[in-house]
Amino acid sequence: MGVDRFVVTLVDTKQGRQEERRWGKADVSQSMAWLKRMNARGYDVWIRPDGEHGMALLGGLRKRDLHTLRERGFTPAVVVETGREQYQAWVKLSAMGLDESLRSQATAGLVKGLGFSGANAISRADGRLAGFTNQQVLRTDGRHPYVLLTDDEGKLAPAAPAYLACFQRERTKVQELHRDKQHRQSRGPQR
């Protein structure tokens, strides 16, 4: 993903509790045994980049949605299967951090037209960490499915630079209109 720091969140939905840790990559790796014990006790394990980042998280995806993203030039950096034929995809929009409002707008635009009604954009949320069970899903055999890493290219989406440039041009246009309006108001009525 090209991110150095993460927020790892453990969620016990039965008890309504959650714990959050801010860790570097090495800390996440060193904490795997503890995270596995907590997962075995019924906690879901979630992760997201810490601070400003250029990643967009898309959830509720099907294989055809992933295929559509790739066709559009938004090949995910990371894909995890969270349940049977259910996927989350992290799309790398920028190698640099993006402010939350721009990232949120860009993330929301990625799911438009995917066709699957469950597809959603998650601009400030955690994705499931691969290798742990999804405690929210129960299979017919009474077990929880493992979250599986299915793709981990880690690369910037090819269409991302042009896509972000459109949002930034629109943002500049709106700022200029706002500035012009304020300028006209500050000058008072014209005679």
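Counting heavy atoms from C-beta outward, Thr107 and Leu57 have side chains that stay 4.5 Å or more apart. No side-chain heavy atom of Leu66 sits under 4.5 Å from any side-chain heavy atom of Arg62. Annotation: side chain of Val8 is in contact with side chain of Trp23 (closest heavy-atom distance under 4.5 Å). The closest side-chain heavy-atom distance from Met38 to Glu19 is below 4.5 Å.
For the atom pair Gln136 CD and His144 NE2, the distance stands at 10.0 Å (nearest 0.5 Å). Note that OG of Ser104 and CG of Leu98 are 11.5 Å apart. Values are rounded to the nearest 0.5 Å. Taking CG of Asp50 as the reference point, atom CZ of Arg5 lies at 6.0 Å (rounded to 0.5 Å). Note that CZ of Arg139 and CG of Asn134 are 11.0 Å apart. Values are rounded to the nearest 0.5 Å. Rounding to the nearest 0.5 Å places CG of Leu10 at 9.0 Å from CD of Gln18. Atom-to-atom distance recorded for Arg21:CZ and Leu35:CG is 9.0 Å, nearest 0.5 angstrom.
Between Glu20 and Arg22 there is a salt bridge, since a side-chain N of the basic residue sits under 4.0 Å from a carboxylate O of the acidic one. Look at Asp151 and Arg70 and you find a salt bridge, because one of the NZ, NE, NH1 or NH2 atoms lies within 4.0 Å of a carboxylate O, short of that distance.
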* To do: Dump the intermediate steps for side chain to side chain contact (heavy atoms under 4.5 Å, CB included) on Glu52 and Asp99, then the final yes or no.
  => CA-CA 6 Å; Glu52 279 194 357; Asp99 71 67; 4.0 Å; yes
* For Thr9 and Ile47, run side chain to side chain contact (heavy atoms under 4.5 Å, CB included): C-alpha distance rounded to whole Å, both residues' side-chain angles, the deciding distance at 0.1 Å, then the answer. => CA-CA 6 Å; Thr9 306; Ile47 193 165; over 6 Å; no
* Going through the distances and angles, do Leu58 and Leu69 end up as a side chain to side chain contact (heavy atoms under 4.5 Å, CB included)? -> CA-CA 10 Å; Leu58 308 177; Leu69 284 170; 3.7 Å; yes
* Would Arg48 and Trp90 satisfy side chain to side chain contact (heavy atoms under 4.5 Å, CB included), going step by step from the backbone distance to the final call? -> CA-CA 10 Å; Arg48 75 172 183 267; Trp90 289 95; 4.1 Å; yes
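Linking Ile, Leu, Val, Met, Phe, Trp and Tyr whenever their side-chain heavy atoms come within less than 4.5 Å leaves Leu156 and Leu164 in two separate clusters. Both Leu102 and Leu110 sit in one connected hydrophobic cluster of ILVMFWY residues. Membership requires side-chain heavy atoms under 4.5 Å apart, directly or through other members. Residues Leu149 and Val28 share a single hydrophobic cluster, defined by chaining ILVMFWY side chains whose heavy atoms lie under 4.5 Å apart. Following chains of ILVMFWY side-chain contacts shorter than 4.5 Å, one can reach Leu129 starting from Trp34, so the two form part of one hydrophobic cluster. Hydrophobic clustering places Val147 together with Met32 (ILVMFWY residues linked when any side-chain heavy atoms are closer than 4.5 Å, directly or through intermediates).
Looking at Gln88, its side chain does come within 3.5 Å of a backbone N or O of Arg128 through a donor-acceptor pair. Judged purely by atom type and a 3.5 angstrom limit, Tyr163 uses its side chain to pair as donor or acceptor with the backbone of Ala106.
Between Gly51 and His53, the closest heavy-atom pair is O-CD2, 3.1 Å. Of all non-hydrogen atoms in Ala159 and Phe74, the two that sit nearest each other are CB-CZ, 3.8 Å. Taking all atoms of both residues into account, the shortest heavy-atom contact from Gln135 to Asn39 is NE2-O, 3.4 Å.
In this structure, Lys36 places its NZ atom where more than 12 heavy-atom neighbours from other residues, nucleotides or ligands lie under 6.0 Å away. Within a 6.0 Å sphere centred on OH of Tyr146, heavy atoms belonging to other residues, nucleotides or ligands number 12 at most.
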Considering only distance and modelled atom types, tabulate donor-acceptor pairs under 3.5 Å from the side chains of residues 75-84, sequence neighbours left out.
unit_1	atom_1	unit_2	atom_2	d
Glu81	OE2	Glu85	N	3.1
Thr82	OG1	Gln86	O	3.4

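Not less than 6.0 angstrom separates the ring centroid of Tyr43 from the ring centroid of Phe132.
In the hydrophobic clustering, Trp46 connects to Val11, either directly or through intervening members, whenever side-chain heavy atoms lie under 4.5 Å apart.
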